[in-house]
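Worksheet: one structure, shown below.
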Amino acid sequence: MTHTMMTSVKVQKKLHFKMQQRIISDGYGMRGKSKWIVEAIEAFLHLPDYPTLADIAGDMDQLTEMISIRMPNALMPKIDQAIIEIRRNYPTIEGVKSNLIRASIMQRLIRQPTSVTEE
């Protein structure tokens, strides 16, 4: 059994809706939401410009929808390192972890193919 940690993040209503649609169309089903988001975070952390993208996500407003995510404990050190890197580049940024998760979701919606069954 994989040990996980629960976390929550607020997102815009439209982003939440598009994410739900994409999770379903990608074949994950609503029970696969956390897996989809974790994969988005892992891919996001490989982008060379992820600190800038996380900073841009900080400009989002109307964060009315709360989503809860189960993240594997093994991912947490990677997120902690990313937070340090983002703070190094943008020392005044607030809510770094939330911005990182929001930016990961947005980038997965923008960058990746739409179905896990296409591969």
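- Taking the side chain as every heavy atom from C-beta outward, Arg111 and Leu47 approach each other to under 4.5 Å.
- Nearest approach of Ser68 to Met6, heavy atoms of both residues: CB-CE, 3.7 Å.
- In terms of heavy-atom proximity, Ala54 sits nearest to Ile86 at CB-CD1, 3.6 Å.
- With rounding to the nearest 0.5 angstrom, the CD1 atom of Ile37 is 9.5 Å from the CE atom of Met71.
- Smallest separation of non-hydrogen atoms from Ile41 and Ser104: CA-OG, 3.5 Å.
- Ion pairing between a basic and an acidic side chain is recognised when a charged N comes within 4.0 Å of a carboxylate O; Glu65 and Lys10 show no such pairing.
- Note that CD1 of Ile67 and CD of Gln20 are 9.0 Å apart. Values are rounded to the nearest 0.5 Å.
- Taking each heavy atom of Trp36 and Arg22 in turn, the nearest pair found is CZ2-CG, 3.6 Å.
- Here CG of Leu109 is found 8.0 Å from CE of Met19. Values are rounded to the nearest 0.5 Å.
- In Glu42, the CD atom is crowded: over 12 heavy atoms of neighbouring residues, nucleotides or ligands sit closer than 6.0 Å.
- Asn73 and Thr4 make their closest contact through OD1-C, 3.5 Å (heavy atoms, listed as atom of the first residue, atom of the second, distance).
- Between Gln12 and Asp61, the shortest heavy-atom distance links the atoms NE2-O, 2.9 Å.
- Note on residues 44-53: pairs passing side-chain hydrogen bond (donor to acceptor under 3.5 Å, both in side chains), not counting sequence neighbours, are Thr52-Tyr90.
- Within the structure, the side-chain hydrogen bond (donor to acceptor under 3.5 Å, both in side chains) test picks out the following pairs touching residues 74-87 (sequence neighbours left out): Glu85-Arg88, Glu85-Asn89.
- The CG atom of Leu53 sits 4.5 Å away from atom CD of Gln107, with the distance rounded to the nearest 0.5 Å.
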